[in-house]
Amino acid sequence: MYILGVELEYDFFDADQLEVYERENAKVTETINEPTQYEGKSTPDALRIQCRIVDNFFDAVFGSGTAQKIFKGKANIRDHIEAFGIVSQAAMSTREELEKIEDKYTPNRAERRQTERENRQAQKQGSRNFQHNAAGSKNGKKHRH
C-alpha cells in the first residue's frame, strides 16, 4: 500500500502481523481519547500530541523510522489522519476478503449467515410495520371514523 508516496508492505492475513495491527489500532483509539493529555494545551499542541500518537502507531506496526519516512517530521494532522485511514481501510478490506474465503469453504457458515441476514431484515420490516401501524393510532389499531 502507498501512504503519502511511501510504499509499505503489510500482510493482514498473517495472524502475528494482524495481532500487532489490532493491538496498536486499539492503543491509538484509547490514547487519542484520553482527555487529560489535552488539558491546558493549545490547539496546535493538541494536534502535535495526536500526530505523535499516529507516529507511534506507524513505528510499532511497520517498524521504527516509518513515521519519519512518511511524515518527514511534520505534524500535519490531515496527513496523519489520512495515512491512518489508509491502513484502517486496508485492514477492513482484508477482513471482508477473509469472510468471503471463509464463506466459500464453509458452506454451512454461509447458509447460517444468510439466514441471520434474512432474520434481521424480517425483524426490521416487522419493526417498521409496527411503527407505521402504531403511528397516529392507539395500541397499533386504526380508528374508524
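For clarity, every value in this text was computed on a predicted model and none was experimentally measured. Count residues from 1 along the sequence.
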Within a strict 4.5 Å, meaning less than it, do heavy atoms of the [X] and [Y] side chains meet?
{"X": "I86", "Y": "Q89", "answer": "no"}
{"X": "Y10", "Y": "V20", "answer": "yes"}
{"X": "I53", "Y": "Q37", "answer": "yes"}
{"X": "F62", "Y": "I70", "answer": "no"}
{"X": "I77", "Y": "C51", "answer": "yes"}

Discussion item. Looking at D45 and K41, would you say the former's side chain and the latter's main chain have a donor-acceptor pair under 3.5 Å?
Written reply: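 Flag not set: sc D45 to bb K41 has no pair under 3.5 Å.
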Discussion item. Tell me if a side-chain donor or acceptor on E7 pairs with a main-chain N or O of Y2 at a distance below 3.5 Å.
Written reply: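 Looks like no, no N/O pair under 3.5 Å.
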Worksheet entry | Partner residues of Y21 under the ring pair (Phe, Tyr, Trp, His ring centres under 6.0 Å) criterion, sequence neighbours left out |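 Residues passing ring pair (Phe, Tyr, Trp, His ring centres under 6.0 Å) with Y21: F12.
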Rounded distance [0.5 Å steps], [atom1] in [X] versus [atom2] in [Y]:
{"X": "T31", "Y": "Q50", "atom1": "OG1", "atom2": "CD", "result": "11.0 Å"}
{"X": "Q17", "Y": "E9", "atom1": "CD", "atom2": "CD", "result": "10.0 Å"}
{"X": "D79", "Y": "K72", "atom1": "CG", "atom2": "NZ", "result": "10.0 Å"}

Heavy-atom count around [X] [atom1] within 6.0 Å, excluding the residue itself: above 12?
{"X": "E118", "atom1": "CD", "value": "yes"}
{"X": "E30", "atom1": "CD", "value": "no"}
{"X": "E19", "atom1": "CD", "value": "no"}

Discussion item. Does F71 form a side chain to side chain contact (heavy atoms under 4.5 Å, CB included) with L4? I'd like the steps, not just the answer.
Written reply: CA-CA 8 Å; F71 306 114; L4 303 177; 3.8 Å; yes
Practice prompt. Check Y38 against I49 and note the closest heavy-atom contact, atom names and distance.
Written response: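 Here Y38 and I49 meet closest at CE2-CG2, 4.0 Å.
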Fill in: Minimum heavy-atom distance between A75 and R48, given as atom pair plus value
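Nearest pair, atom of A75 first, then R48: CB-CG, 4.1 Å.
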Practice prompt. May I ask you to say whether K27 pairs ionically with E22, meaning some side-chain N is under 4.0 Å from a carboxylate O?
Written response: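 Looking at K27 and E22, the cut-off is not met.
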Practice prompt. Determine, using the 4.5 Å side-chain heavy-atom cutoff (strictly less than), whether M92 and L18 are members of one ILVMFWY cluster.
Written response: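 No: no chain of side-chain contacts under 4.5 Å links M92 to L18.
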Worksheet entry | Worked verdict on T36 versus E34 for side chain to side chain donor-acceptor pair (under 3.5 Å) | CA-CA 6 Å; T36 58; E34 171 52 47; 2.5 Å; yes
For residues 54-61, tabulate all N or O donor-acceptor pairs below 3.5 Å that involve a side-chain atom, not counting sequence neighbours.
from, atom 1, to, atom 2, distance (Å)
D55, OD1, H80, NE2, 2.8
N56, ND2, R52, O, 3.3
D59, OD1, G65, N, 3.2
D59, OD1, T66, N, 3.0
D59, OD1, A67, N, 2.9

